[in-house]
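Positions are given from 1, in the same order as the sequence printed here. Numbering of ligands and ligand atoms starts at 1, following listing order.
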Amino acid sequence: MKNVMIIGGDGFCGWPTALHLSAQGHNVTIVDNLSRRRIDEDLGAESLTPIKSMDERLAAWKDVSGKTIHFSNIDIAKNVSGFAQLIASSQPDTIVHFGEQRAAPYSMRGLEEKMYTVDNNISGTHNLLAIIADLGLDPHIVHLGTMGVYGYDGDGLEIPEGYLSVKVEGDDGQMFDRDILYPTNPGSVYHMTKSMDQLLFQFYAKNNNFQITDLHQGIVWGTQTDETRLDERLINRFDYDGDYGTVLNRFLMQAAMGHPLTVHGTGGQTRAFIHINDTVRCIALAVANPPAKDGKVKILNQMTETHRVRDLAKLVADVAKAEVAFVDNPRKEAAENDLKVSNKTFLDLGLKPTTLAEGLMDETVGIASKYIHRVRENTVACVSTWTDEQKPGVVKPDAVKTQDRAA
Ligand code: NAD
Ligand code: USQ
């Protein structure tokens, strides 16, 4: 049994992870400032599933399992003394860090959201590391990073787990071997913060000999896990709005409401995916297998399948009898890319992936159709654009020049 602190334990990945680790017998403390719920209120958005308040969730878990999960409402980016006191008093063996602003479109919305995402994510991660160093503690830190740090301009070269072994030619023709962090190529301000997190981890692993596991996770789909299914009050969140809804959950919700599936651009974007049940299993495996204290961050790719967006749309359209619409892409991203990813470590540790083919029907009928009466139709459109030129109604400079020339 370990003392496990879960930062961001009220969120989509954090809540089912807290339940899973508690079910395994660990003593779990959630730290969350509930900012995700406040952002929903600001956006006029809401989870499709009726998630309960933290107090109700914890009481339900006690009823169902007899186990207690502790909760502290702390902003880890701002409340340094409160966070430090909590870590000092609870002495965690493991800290799982989910507590960041995680939506790429939200991070591109405007000045305020860009600043908030950088301030929140970078300060939060650095506060955690600096507090542990200051207290002289030695917990294993498990961080949720993203596949997006590698970028999506791939041509089929298999993405390794975090590091790239390269040979560099010196002036005199001598060859030098280097093992470097895979060069980052973030596609949004959010993904950029995850790239910056990597450097913070690299420094503290080297300087303070911290044990750090950074999980480069793909897009998480699905809703329920073995534990959240046990009681309706434990249900996990399902985001579908234009900022926080990820692509597959959006397609499932759109199919259920009779809306065409909104494929951005050609739909040639290939992305990595993982089911939420496998997310919680991977984190349990990571918690059980801390890295050696060798001054190096252990990086694992946490994904199980890759799919092209237009193929996903076709799959959902066939299962749920929906139409597909190819819409202007609000993002700046490669129209087509290949993606091959190594996920050898988790497979070697025994992960048995839930495939899309197995889980899709369950989601379609069990979640999207069941709760579609709760949908807020006005939040479905993607309104955040990567550049001002992409905003609807904005006249592009080229168009102005052409008009001037015509006059
Ligand atoms: P989420 O937004 O549902 O959960 C994040 C939680 O962290 C929220 O409950 C929020 O209130 C909390 N939080 C944010 N800032 C905080 C702060 N300063 N102090 C305390 N709590 C704070 O996100 P999620 O989908 O559960 O993602 C969790 C982590 O996994 C994120 O770091 C994200 O980058 C990563 N990730 C998610 C996905 C995905 O598809 N959902 C994929 C890859 C990686
Ligand atoms: N897309 C559509 N139609 C939509 C919504 C999205 O075609 O209606 C496309 C996007 O343009 C993009 C792809 O689907 O090409 C994926 O978008 P997404 O919103 O599902 O995922 P993304 O923005 O990459 O972010 C999500 C999580 C983030 C996590 C990341 C993992 O929100 O926290 O880090 O997935 S990864 O993509 O591997 O970097």
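When non-hydrogen atoms are compared, ligand 2 lies under 4.0 Å from neither the backbone nor the side chain of Y244. Contact annotation: for M303 versus ligand 2, there are no heavy atoms closer than 4.0 Å. Both the backbone and the side chain of R102 come within 4.0 Å of ligand 2, judged by heavy-atom distances. In Y152, the part holding a heavy atom less than 4.0 Å from any atom of ligand 2 is the side chain. The proximity of H264 to ligand 2, defined as any non-hydrogen pair under 4.0 Å, involves the side chain as well as the backbone.
Formation of a donor-acceptor pair under 3.5 Å by the Q211 side chain with backbone atoms of P291 is found in this model. Checking side-chain atoms of N127 against main-chain N and O of I76 turns up a donor-acceptor pair under 3.5 Å. Between the R310 side chain and the T266 main chain, a donor and an acceptor come within less than 3.5 Å of each other.
For ligand 2 and A104, the ligand atoms under 4.0 Å from any heavy atom of the residue are 23 (O). Taking every heavy atom of Q269 and a limit of under 4.0 angstrom, the matching atoms of ligand 2 come to 11 (O), 15 (O).
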- request: Go through the steps to decide whether S195 and Q198 satisfy the test side chain to side chain donor-acceptor pair (under 3.5 Å), and finish with yes or no.
  value: CA-CA 5 Å; S195 301; Q198 286 199 108; 5.1 Å; no
task: Evaluate the side chain to side chain donor-acceptor pair (under 3.5 Å) criterion for residues D278 and T304: first the C-alpha distance (whole Å), next the side-chain angles of each, then the deciding distance (0.1 Å), finally the verdict.
output: CA-CA 8 Å; D278 292 340; T304 56; 4.5 Å; no
- prompt: Is there a side-chain contact (heavy atoms from CB on, under 4.5 Å) between T279 and Q217 once you walk through the steps?
  reply: CA-CA 8 Å; T279 288; Q217 186 171 234; 2.9 Å; yes
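Partners of E56 according to the side chain to side chain contact (heavy atoms under 4.5 Å, CB included) rule, which considers only residues two or more places apart in sequence or in another chain, are K52, S53. Under the rule for a side chain to side chain contact (heavy atoms under 4.5 Å, CB included), the partners of M175 that lie at least two apart in sequence or sit in another chain are K167, E169. Residues forming a side chain to side chain donor-acceptor pair (under 3.5 Å) with Y204 (at least two apart in sequence, or on another chain): H126.
Salt bridge annotation for R37-D32: absent, with no cationic side-chain nitrogen under 4.0 angstrom from a carboxylate oxygen. For the pair K344 and E161, the salt-bridge criterion is not met [side-chain N within less than 4.0 Å of a carboxylate O].
The nearest protein heavy atom to atom 25 (O) of ligand 2 is not closer than 4.0 Å.
Between T246 and ligand 2, a contact under 3.5 Å exists for no N or O pair. Checked by distance only, ligand 2 and G148 come closer than 3.5 Å through their nitrogen or oxygen atoms. In terms of polar-atom proximity, defined here as any N/O pair under 3.5 Å, V247 does make such a contact with ligand 2. The distance criterion of under 3.5 Å between nitrogen or oxygen atoms is not met by Q254 with respect to ligand 2.
Looking only at protein heavy atoms, the nearest one to atom 22 (P) of ligand 2 is R331 NH1, 3.8 Å. Closest protein heavy atom to atom 13 (C) of ligand 2: V309 CG2, 4.0 Å.
Across the listed options T270, T146, T262, T262 owns the non-hydrogen atom lying nearest to atom 4 (C) of ligand 2.
In the model, H70 has a side-chain atom that pairs as donor or acceptor with a side-chain atom of N27 under 3.5 Å.
Under a 4.0 angstrom heavy-atom cut-off, Q217 registers as being in contact with ligand 2.
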I'd like the atom pairs linking ligand 1 to the protein - N or O on both sides, separation under 3.5 Å - with distances to 0.1 Å.
residue, atom, partner, partner atom, Å
ligand 1, 3 (O), F12, N, 2.9
ligand 1, 9 (O), G11, N, 3.3
ligand 1, 9 (O), D32, OD1, 3.3
ligand 1, 9 (O), D32, OD2, 2.7
ligand 1, 11 (O), D32, OD1, 2.7
ligand 1, 11 (O), S35, N, 3.1
ligand 1, 11 (O), S35, OG, 3.2
ligand 1, 11 (O), R36, N, 3.1
ligand 1, 15 (N), G99, O, 3.4
ligand 1, 15 (N), N120, ND2, 3.1
ligand 1, 18 (N), D75, OD1, 3.0
ligand 1, 18 (N), N120, OD1, 2.7
ligand 1, 19 (N), I76, N, 3.1
ligand 1, 21 (N), N33, N, 3.3
ligand 1, 21 (N), N33, OD1, 3.1
ligand 1, 25 (O), R102, NE, 2.9
ligand 1, 26 (O), F12, N, 3.2
ligand 1, 26 (O), C13, N, 2.8
ligand 1, 32 (O), F98, O, 3.3
ligand 1, 32 (O), K194, NZ, 2.8
ligand 1, 34 (O), Y190, OH, 2.6
ligand 1, 34 (O), K194, NZ, 3.0
ligand 1, 36 (N), Q217, NE2, 3.4
ligand 1, 40 (O), V220, N, 2.9

